[in-house]
Number of protein chains: 2
Amino acid sequence: MAQTGRSGCPINLTLEQLGDRWSLVVIRDVMFGNRRSYGELLAQSEERIASNILADRLKRLTASGLLTRRAAPTHRQKVIYSLTEAAIQLVPLLAHMGAWGRRHTRPSKELSVRAELLEKGGAPLWNAFMEELRHLHLGAPRPARSVSGELQAAYEKALAKRSR
Amino acid sequence: MAQTGRSGCPINLTLEQLGDRWSLVVIRDVMFGNRRSYGELLAQSEERIASNILADRLKRLTASGLLTRRAAPTHRQKVIYSLTEAAIQLVPLLAHMGAWGRRHTRPSKELSVRAELLEKGGAPLWNAFMEELRHLHLGAPRPARSVSGELQAAYEKALAKRSR
DNA sequence: CCGACTGCTTGCAGTATGCAAGTGGTCTGC
DNA sequence: GCAGACCACTTGCATACTGCAAGCAGTCGG
């Protein structure tokens, strides 16, 4: 990212960390797509991110405390990325992005199903989903309500329908 | 912006339009700073945006329906930019960005006052502010409640305090 | 020990950005 | 009506970032 004049404005600081084409796409894939390794993020990316850009973003996001990396228990060289609490707290932001994109751009109907669900569910749904992410990524206790299933199911169903 | 693989995901579509370092900074300045002309946006920008980038973003944002431009009533060559309804609906997104930046980066305490107010006010405050923007930029009737004053006052006060 | 798999790295060409200076209209004072 | 200030951009150029294709080193399974 280019070096630019700084300012203490929180919106600007957020943009300095996440204001580029790919950072939030990576977060989104880890968050909603549950893609946890370099290979999964590279191959299953809907938008075909370039491999060097992906490597750079993973490095950057790890350095700035949005992701953590550790070796997979099965294979020593396989790396698993997890969201940090800071990243999990981006859920409302991404939900709003989805809602805005659904209203003010021309999303493919199939792929906006997830955003529609998130939008309709509002803050209670986001909170439930964030609890679930804390369980999955931070090892917090399993929450009572599980919502990622329905979100993911709707998304996969839409993807399958699309590829037909 | 680079040409990239598209996808129908609404989050990705939002990022295609706004996912760069400057677009949202410009929107923010028009929205919260009430800077309506090229000169104001250029000179009073806290982050010192480059003139050619500003010209490019104004063109882009106008083309994609987030801003409208018209001549000022007083001076024929002076141009005034206004937010469209689509841009006004970015208020919750920017509010979340501010809230996240305030919590997960190190903002200067003075400049995060506005974000703090927005965060505490929540959706009701955002809605009141959006009504006011519709009045200012779209010519909608003046709303009963006026909140931009307090937001702006807090911000200016913080700026003044900072320059001491 | 071989081939497949994993997570990256490298080279290169094209594009975007940042900076400083310049352009062409318009308004203001005299 | 004319000089100088003002306004909204443009232009040239060096540097940084991006996208693509290919390559590379460590591991695992047989």
Side-chain angles (χ1 to χ4, degrees), chain A residues 1-7 12 15-26 29-30 33-64 67-82, chain B residues 1-7 12 15-26 29-30 33-64 67-82:
Chain A
M1 241 137 306
Q3 185 58 23
T4 56
R6 309 202 95 222
S7 94
N12 181 58
L15 285 170
E16 273 179 20
Q17 276 201 32
L18 302 170
D20 74 280
R21 185 69 182 75
W22 292 111
S23 297
L24 284 174
V25 169
V26 171
D29 281 349
V30 177
N34 203 38
R35 312 195 222 290
R36 306 286 296 269
S37 65
Y38 180 90
E40 286 169 5
L41 286 164
L42 188 65
Q44 300 170 34
S45 154
E46 181 75 11
E47 291 91 7
R48 303 270 154 225
I49 186 171
S51 61
N52 54 345
I53 306 289
L54 176 59
D56 178 76
R57 290 304 180 277
L58 288 172
K59 212 173 282 175
R60 226 186 264 268
L61 290 169
T62 304
S64 63
L67 295 177
T68 53
R69 39 171 294 156
R70 64 187 153 85
T74 51
H75 308 281
R76 207 177 317 166
Q77 97 275 25
K78 180 157 185 172
V79 175
I80 293 196
Y81 290 92
S82 298
Chain B
M1 242 140 305
Q3 185 57 25
T4 56
R6 309 202 94 221
S7 94
N12 180 58
L15 285 169
E16 273 179 20
Q17 276 203 30
L18 302 170
D20 75 281
R21 183 70 184 72
W22 293 112
S23 296
L24 284 174
V25 169
V26 171
D29 282 348
V30 177
N34 203 37
R35 311 195 220 293
R36 306 286 294 270
S37 66
Y38 180 89
E40 287 169 6
L41 286 164
L42 188 65
Q44 301 170 34
S45 155
E46 182 75 10
E47 292 91 7
R48 303 269 155 225
I49 185 171
S51 61
N52 53 346
I53 307 289
L54 175 59
D56 179 76
R57 289 305 180 277
L58 287 173
K59 212 173 280 176
R60 227 186 264 270
L61 290 169
T62 304
S64 63
L67 296 177
T68 53
R69 41 171 292 157
R70 64 187 154 88
T74 52
H75 307 281
R76 207 175 318 165
Q77 97 276 22
K78 180 156 183 171
V79 174
I80 292 195
Y81 290 92
S82 299

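When reading the values below, keep in mind they use all heavy atoms of this one structure, side chains included, and skip hydrogens, waters and symmetry mates. Every chain is numbered from 1 and lettered A, B, ... according to where its sequence line falls, protein lines coming before strand lines. Predicted model, so just to flag it, every value in this text is computed and none were measured.
Rounded to whole angstrom, the span from the CZ atom of B/Arg60 across to the P atom of C/dT15 amounts to 13 Å. Atom CG of A/Asp20 is separated from atom P of C/dA16 by 15 Å (rounded to the nearest Å). If you take CD1 of B/Ile49 and P of C/dC19, they are 11 Å apart, rounded to a whole angstrom. As rounded to whole Å, 14 Å separates atom P of C/dC19 from atom CG of B/Leu54. Here the P atom of nucleotide D/dC6 and the CG atom of B/Leu41 are 19 Å apart, to the nearest Å. A straight line from CZ of B/Arg21 to C1' of D/dC17 spans 15 Å, rounded to a whole angstrom. In this structure, A/Glu16 atom CD and C/dT17 atom P are separated by 15 Å, rounded to whole Å. If you measure from atom CD of A/Glu47 to atom P of D/dG19, you get 12 Å, rounded to the nearest angstrom.
Listed candidates were D/dT18, C/dG18, C/dG7. Nearest to the side chain of A/Ile53 is D/dT18. Comparing D/dG19, C/dG18, D/dC7 by their closest approach to the side chain of A/Ala50 singles out D/dG19.
Atom-to-atom distance recorded for A/Asp20:CG and A/Ile53:CD1 is 9.0 Å, nearest 0.5 angstrom. If you take CG on A/Leu18 and CG on B/Leu24, they are separated by 11.5 Å, rounding to the nearest 0.5 Å. Within the model, atoms CG of A/Leu61 and NZ of A/Lys59 stand 12.5 Å from one another, a figure rounded to the nearest 0.5 Å.
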With the criterion being N/O to N/O and under 3.5 Å, what pairs connect the protein with nucleotides 8-11 of chain C, and how long is each?
| unit_1 | atom_1 | unit_2 | atom_2 | d |
| --- | --- | --- | --- | --- |
| C/dC8 | OP1 | A/Arg69 | NH1 | 3.1 |
| C/dC8 | OP2 | A/Arg69 | NH1 | 3.1 |
| C/dC8 | OP2 | A/Tyr81 | OH | 2.6 |
| C/dT9 | OP2 | A/Lys59 | NZ | 3.1 |
| C/dT9 | O4 | A/Ser51 | OG | 3.0 |

When you compare the protein's N or O atoms with those of nucleotides 27-30 of chain D, which come within less than 3.5 Å of each other, and at what distance?
| unit_1 | atom_1 | unit_2 | atom_2 | d |
| --- | --- | --- | --- | --- |
| D/dT27 | O3' | A/Gln77 | OE1 | 3.4 |
| D/dC28 | OP1 | A/Arg76 | N | 2.7 |

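Residues forming a side-chain contact (heavy atoms from CB on, under 4.5 Å) with B/Ala72 (at least two apart in sequence, or on another chain): B/Thr74, B/Lys78, B/Ile80. Not counting sequence neighbours, the partners of A/Gln77 by the side-chain contact (heavy atoms from CB on, under 4.5 Å) test are A/His75. The side chain to side chain donor-acceptor pair (under 3.5 Å) check on B/Ser37 picks up nothing, with sequence neighbours excluded.
When atom types are taken as modelled, the side chain of B/Arg36 and the backbone of B/Tyr81 share a donor-acceptor pair closer than 3.5 angstrom.
Between B/Trp22 and the phosphate of C/dA16, there is no side-chain N or O to OP1/OP2 separation shorter than 4.0 Å.
Annotation: side chain of A/Ile49 is in contact with side chain of A/Val26 (closest heavy-atom distance under 4.5 Å).
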Q: Could you give me the CA-CA distance, side-chain angles and deciding distance for A/Glu47 and A/Val25, then say whether side chain to side chain contact (heavy atoms under 4.5 Å, CB included) is met?
A: CA-CA 9 Å; A/Glu47 291 91 7; A/Val25 169; 3.6 Å; yes

